[in-house]
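Just so you know, residue 1 is the first one in the sequence shown, and it goes up from there. Remember, it's 1-based here, ligands and their atoms both numbered in the order they're listed.
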Amino acid sequence: MNNDMGYILRLWASLVAQTALDLAALSTEHSQYKDWWWKVQIGKCYYRLGLYREAEKQFKSALKQQEMVDTFLYLAKVYISLDQPLTALNLFKQGLDKFPGEVTLLCGIARIYEEMNNISSATEYYKEVLKQDNTHVEAIACIGSNHFYTDQPEVALRFYRRLLQMGVYNCQLFNNLGLCCFYAQQYDMTLTSFERALSLAENEEEVADVWYNLGHVAVGTGDTNLAHQCFRLALVSNNQHAEAYNNLAVLEMRRGHVEQAKALLQTASSLAPHMYEPHFNFATISDKIGDLQRSYAAAKKSEAAFPDHVDTQHLIKQLEQHFAML
Ligand SMILES: *[C@@H]1O[C@H](CO)[C@@H](O)[C@H](O)[C@H]1NC(C)=O
C-alpha cells in the first residue's frame, strides 16, 4: 500500500521534471545557450531525472559563465550521487576559494569527512562553520560528540547545553547529555536527563538507545545486575541493537556463561559485521577455552574491522607464536 503510494509520487515528480526540462531547453535555445541561470535549471531537472552526467555538464558549463554558491552545491550533490566524494570535496574547496567562509560549503566538506569517518577533519570544518554561525545545530552536535569520544565529556557537555539553550529539545539530545553528565561526574543531572530522554522518545529505537546508555552508566557504577537489565531492556525495544548484544555478552562472559556469551556475540557480529568488538570478544573467549583456531579466525576479522586495535594485534601475535611451535 505504502509502496504503491511512493511509486505514484515519484512518477509524478519525474513527469514535472521532464516538463520543466523541455521548457528550460526551449529558453536556452532562445538565449543562444549563454544564460548560466537556465543551465542551472536544466541541470536540476537532469538531476531529478537521475541523469547525473548530463546534470554535471550543465552545472559545469554554468560555473564557467558565472560562479555561484548554489551551483557549487548542486554539482557537489551530483558527485555525491555518483559516489565520488573526493571529487565533491575538491569542488567544495574550489568553491571556498571563491567564497571564503561560506557556511554551506564548509558544512558540505565537514559532512563528507564525517561520512569518511575522518572525524578530526570534520570537526575542523564544523569549527569554521561555528565561527560564521554560532547557532549551527549540526556543527555544535558534531563537535560536542567529538569531544565526548576524545575523552573530554565536560567540554562536550558545554556544547550540548548550548543546544538546549537554543531550544533543541529531543530524545537524542537528552540521551547524549545524560551520558556526558555521567562521565563529567555531574551525577545529579545524569538520571534526570535519561528520564527526560525516555519521555521524549518518539520510537522504540530511541527508547532502546536510552536503555543502552543507561546500561553504560550502570557498568560505570559497577552495578552489573542493573547493567544486565538495561541492556536486556534495550533489546526488548530494538532486537537489532548489535552493541547491546555485544555488551550483554561481555557481562555473561564475566558470569562464566561461555555458551550464552558466544551466542550473543555471533548475533552481534551478524547484525553489524563492521564492528570489531564482537569479533575481538569472540576471539578472547575462544582463546580462553582453548579453541585456538576459532580464536584466530575471529581475531583476523577484528583486525580487518579495526587494523590499529592493539589488543587484537597482541592476540594474533600470541596465537601465531603458538601455532609456530606446533
Ligand atoms: C583526514 O583528512 C585529512 C585531510 O584530507 C588527512 O590529512 C588526514 O590524514 C585524514 N585523517 C584520517 C584519520 O583519515
Side-chain angles (χ1 to χ4, degrees), residues 52 56 59-60 63 67 69-134 136-160 163 172 176 179-180 183 216 242-243 246 268-269 272-281 283 298-317:
Y52 301 130
E56 178 194 8
F59 291 139
K60 270 184 154 170
L63 277 177
E67 288 185 305
V69 174
D70 275 356
T71 319
F72 279 111
L73 294 175
Y74 288 129
L75 185 52
K77 229 165 109 173
V78 170
Y79 289 130
I80 289 166
S81 300
L82 287 169
D83 201 16
Q84 299 182 355
L86 289 178
T87 315
L89 203 59
N90 287 332
L91 182 75
F92 279 131
K93 288 183 177 174
Q94 221 176 301
L96 270 185
D97 290 340
K98 199 77 196 164
F99 304 96
E102 171 58 40
V103 169
T104 49
L105 297 172
L106 288 168
C107 230
I109 296 177
R111 276 181 206 149
I112 292 178
Y113 276 130
E114 212 178 344
E115 195 83 354
M116 291 160 74
N117 239 340
N118 188 335
I119 303 300
S120 59
S121 287
T123 308
E124 285 310 307
Y125 280 91
Y126 277 129
K127 279 185 185 158
E128 285 301 309
V129 171
L130 282 192
K131 277 187 200 158
Q132 310 294 329
D133 173 7
N134 65 5
H136 201 282
V137 171
E138 185 182 341
I140 295 174
C142 177
I143 294 174
S145 63
N146 186 40
H147 280 299
F148 182 79
Y149 286 114
T150 51
D151 291 327
Q152 297 173 301
E154 54 295 303
V155 184
L157 202 53
R158 277 218 304 271
F159 281 91
Y160 289 126
L163 288 176
Q172 285 172 14
N176 282 326
L179 206 56
C180 263
Y183 286 112
H216 275 285
E243 290 88 352
N246 177 65
S269 53
H274 59 276
M275 270 173 63
Y276 79 93
E277 289 94 338
H279 298 306
F280 175 69
N281 289 332
K300 277 299 199 186
K301 285 184 195 161
S302 170
E303 186 190 34
F306 183 9
D308 294 334
H309 187 234
V310 176
D311 289 341
T312 298
Q313 287 168 353
H314 187 75
L315 181 59
I316 289 177
K317 213 160 143 196

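For atom 5 (O) of ligand 1, the nearest non-hydrogen atom of the protein is Tyr113 OH, 3.2 Å. The closest protein non-hydrogen atom to atom 3 (C) of ligand 1 is Ser121 OG, 3.4 Å.
For atom 11 (N) of ligand 1, a protein heavy-atom neighbour is found at a distance under 4.0 Å.
A donor-acceptor pair under 3.5 Å is formed between the side chain of Thr150 and the backbone N or O of His147. Side chain of Glu303 to backbone of Ala298: no donor-acceptor contact under 3.5 angstrom is found. No donor-acceptor distance shorter than 3.5 angstrom exists from the side chain of Asn146 to the backbone of Cys142, with no hydrogens or angles considered.
Less than 6.0 angstrom separates the ring centroid of Phe148 from the ring centroid of Tyr183.
The shortest N or O to N or O distance between Lys93 and ligand 1 is not under 3.5 Å.
For the pair Glu56 and Lys60, the salt-bridge criterion is met [side-chain N within less than 4.0 Å of a carboxylate O].
When the heavy-atom distances from atom 13 (C) of ligand 1 to Ile119, Asn118, Leu89 are ranked, the shortest goes to Asn118.
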